[in-house]
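Notes for the one structure printed next.
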Amino acid sequence: MTALQIPNITLNNGTSIPQLGSGVYLVAPGEAEGVVSSALEAGYRHIDTATIYENEAEVGRAIASSGIPRDELFVTTKLWNSDQTRAAEAFDESLDRLGLDRVDLYLIHWPQAMFGEALGAWKSLIEIAESGRASAIGVSNFEISDLQQLLDETGVVPAVNQIELHPLHQRRELVAFCAEHGIAIEAWGPLAQGKSDLFERPEILAAAAAHGKTPAQVVLRWHVQQDRIVFPKTTRRERMLENADIFDFALEADEMAAIDAYEAGTNLGPDPRTFDVR
Ligand code: NAD
């Protein structure tokens, strides 16, 4: 199986991550093994899962049956909210389900500041990283204040912050804070979860026509041109190939600016400041 040519981003601890991967949120158990196998066959080498997606075991089976050498793959999973006080055990359970002896990136899924447990979880992740069983550690859905607490209390800077980010929700202040501290941005919902009118907007259609690309490719290119890591979700092989075919063109400054101007503060997922689901 031949890997797609995807650029790597170097994280703040020296770990390399393919800038584009395949995300498996809402890929149903029963379907996930086939979807991940199909992504690996299409040439993807970076898979983003999470304990709460309930498909780690299937991701693991697809990896095992692919025969791809472990060191050519990049696997991310995430600590679920109710496990923040038992992160070490929850991590071992994730490894068991994945059938792996290490992951490439382990994230705290949500800050859950109202419960005050993320700092303890972060200290556990630091130990996991020191043990070599996670090549890098990071967070997801963290606000500036959540990040500042980890920096102040441990001095260990998360390698990434995985946040909802798309043209309608650009999180500029948070993105600037992360850039200042060397925290890479992983944009979840990069295509606005397919729930907006983005793909019909005239500026996106014009850029797509100008470059011979699709609207989805234009939006993904807007992300990668800003050094973000993306893993759009699709279960369809043709879209897997389409979403990866974004490294042979560049949007012009005015095309980037037109998409920048879509900022509307529209989050499609939960607000991380109030999301208290355990
Ligand atoms: P996304 O923006 O990737 O949107 C996925 C939807 O976009 C698909 O269901 C499909 O309808 C559409 N789509 C995909 N490719 C397309 C194409 N080429 N043309 C037209 N439509 C296309 O949204 P997402 O799945 O929410 O985010 C991607 C990944 O981010 C997830 O699978 C998951 O790994 C991660 N994620 C993380 C969190 C978090 O809290 N950390 C939350 C949500 C998602």
Side-chain angles (χ1 to χ4, degrees), residues 17-29 31-32 35-36 38-39 42 44 46-56 58-59 74-81 103-112 118 137-143 146 158 160-171 174 184-201 204-205 208 213-224 228-246 266-278:
I17 180 171
Q19 193 175 10
L20 180 103
S22 169
V24 293
Y25 175 51
L26 292 183
V27 179
E31 201 188 355
V35 167
V36 174
S38 172
Y44 281 78
H46 167 185
I47 307 292
D48 183 88
T49 185
T51 297
I52 197 66
Y53 303 169
E54 294 188 337
N55 54 27
E56 286 169 311
E58 290 176 70
V59 169
F74 194 100
V75 181
T76 299
T77 195
K78 313 185 190 92
L79 175 72
W80 184 240
N81 302 338
V103 295
D104 298 277
L105 181 60
Y106 193 48
L107 306 181
I108 300 178
H109 206 144
W110 291 88
Q112 303 252 297
I137 52 173
V139 296
S140 178
N141 300 303
F142 273 45
E143 301 286 318
D146 304 316
V160 310
N161 190 14
Q162 181 177 127
I163 54 173
E164 180 183 346
L165 203 164
H166 44 75
L168 307 177
H169 193 48
Q170 299 184 27
R171 315 299 314 271
L174 177 56
I185 296 289
E186 296 193 323
W188 70 252
L191 298 173
Q193 298 189 319
K195 290 179 189 163
S196 74
D197 65 347
L198 269 185
F199 298 162
E200 284 97 53
R201 293 205 180 192
I204 300 230
L205 289 169
K213 294 288 177 180
T214 66
Q217 288 172 321
V218 168
V219 174
L220 292 171
R221 181 70 209 178
W222 172 82
H223 284 287
V224 300
R228 293 183 196 138
I229 299 154
V230 286
F231 22 81
K233 177 220 162 186
T234 180
T235 56
R236 290 159 53 172
R237 187 184 159 84
E238 70 276 13
R239 282 185 169 172
M240 292 173 187
L241 294 171
E242 174 186 337
N243 292 346
D245 186 17
I246 57 169
T266 309
N267 56 305
L268 301 166
D271 182 335
R273 293 167 299 185
T274 53
F275 186 61
D276 61 359
V277 173
R278 313 270 275 171

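Start at 1 and go down the list; that is how both ligands and their atoms are numbered.
- Interatomic distance, Thr77 OG1 to Asp104 CG, rounded to the nearest 0.5 Å: 11.5 Å.
- For atom 42 (C) of ligand 1, the nearest protein heavy atom (residue, atom name, distance) is Trp188 CD2, 3.1 Å.
- Comparing Lys195, Arg239, Glu186 by heavy-atom distance to atom 11 (O) of ligand 1, the nearest is Arg239.
- Ion pairing of Arg171 with Glu143 is present here, as a side-chain N (NZ or NE/NH1/NH2) and a carboxylate O approach within less than 4.0 Å.
- In this structure, Asn243 CG and Ser22 OG are separated by 9.5 Å, a value rounded to the nearest 0.5 Å.
- Annotation: atom 34 (O) of ligand 1 to nearest protein heavy atom, Asp48 OD2, 2.7 Å.
- Regarding atom 26 (O) of ligand 1, its nearest protein heavy-atom neighbour is Gln193 NE2, 2.8 Å.
- Using a 4.5 Å heavy-atom cutoff, the side chains of Pro167 and Trp222 are in contact.
- For the ring pair (Phe, Tyr, Trp, His ring centres under 6.0 Å) test, residues two or more places apart in sequence or in another chain that qualify with Phe74 are His46.
- At a 3.5 angstrom cut-off on N or O pairs, Gly189 counts as close to ligand 1.
- Between Asp245 and Lys213, at least one side-chain nitrogen of the basic residue sits less than 4.0 Å from a carboxylate oxygen of the acidic one, meeting the salt-bridge criterion.
- Residue Asn141 has at least one N or O atom closer than 3.5 Å to an N or O atom of ligand 1.
- For ligand 1, the atoms closer than 4.0 angstrom to any heavy atom of Gly23 are 32 (O), 34 (O).
- Looking only at heavy atoms of the protein, atom 8 (C) of ligand 1 is closest to Lys233 O, 3.4 Å.
- From Asn141, atom CG reaches atom CD of Gln162 across 7.5 Å, with rounding to the nearest 0.5 Å.
- Residue Pro232 approaches ligand 1 through these ligand atoms, each under 4.0 Å from one of its heavy atoms: 3 (O).
- Counting only heavy atoms of the protein, atom 7 (O) of ligand 1 lies nearest to Gly194 N, 3.7 Å.
- Taking each of Asp245, Asn243, Leu198, Val27 in turn, the one with a heavy atom nearest to atom 15 (N) of ligand 1 proves to be Asn243.
- Checking only distances, Ser140 does come within under 3.5 Å of ligand 1, N or O to N or O.
- Every residue two or more places apart in sequence or in another chain that forms a ring pair (Phe, Tyr, Trp, His ring centres under 6.0 Å) with Tyr25 is listed here: Tyr53.
- Rounded to the nearest 0.5 angstrom, Lys233 NZ and Leu26 CG are separated by 5.5 Å.
- Counting atoms of ligand 1 from 1 in the listed order, those under 4.0 Å from a heavy atom of Ala192 are 2 (O).
- For ligand 1 and Val24, the ligand atoms under 4.0 Å from any heavy atom of the residue are 32 (O), 34 (O).
- Remark: ligand 1 and Ala216 share no N or O pair separated by less than 3.5 Å (distance only, no angle test).
- Near His109, with a cut-off below 4.0 Å to any heavy atom, the atoms of ligand 1 are 39 (C), 40 (O), 41 (N).
- Here the side chains of Ile108 and Phe142 are in contact, with some heavy-atom distance below 4.5 Å.
- Checked by distance only, ligand 1 and Leu191 come closer than 3.5 Å through their nitrogen or oxygen atoms.
- Among Phe231, Tyr25, Phe275, Tyr53, the residue whose heavy atom lies closest to atom 29 (C) of ligand 1 is Phe231.
- Taking a cut-off of under 4.0 Å to the non-hydrogen atoms of Phe199, the atoms of ligand 1 that pass are 20 (C), 21 (N).
- Atom CD of Gln19 and atom CD of Glu186 lie 11.0 Å apart (nearest 0.5 Å).
- In this structure, the separation between NE2 on His109 and CG on Asn81 is 7.5 Å, given to the nearest 0.5 Å.
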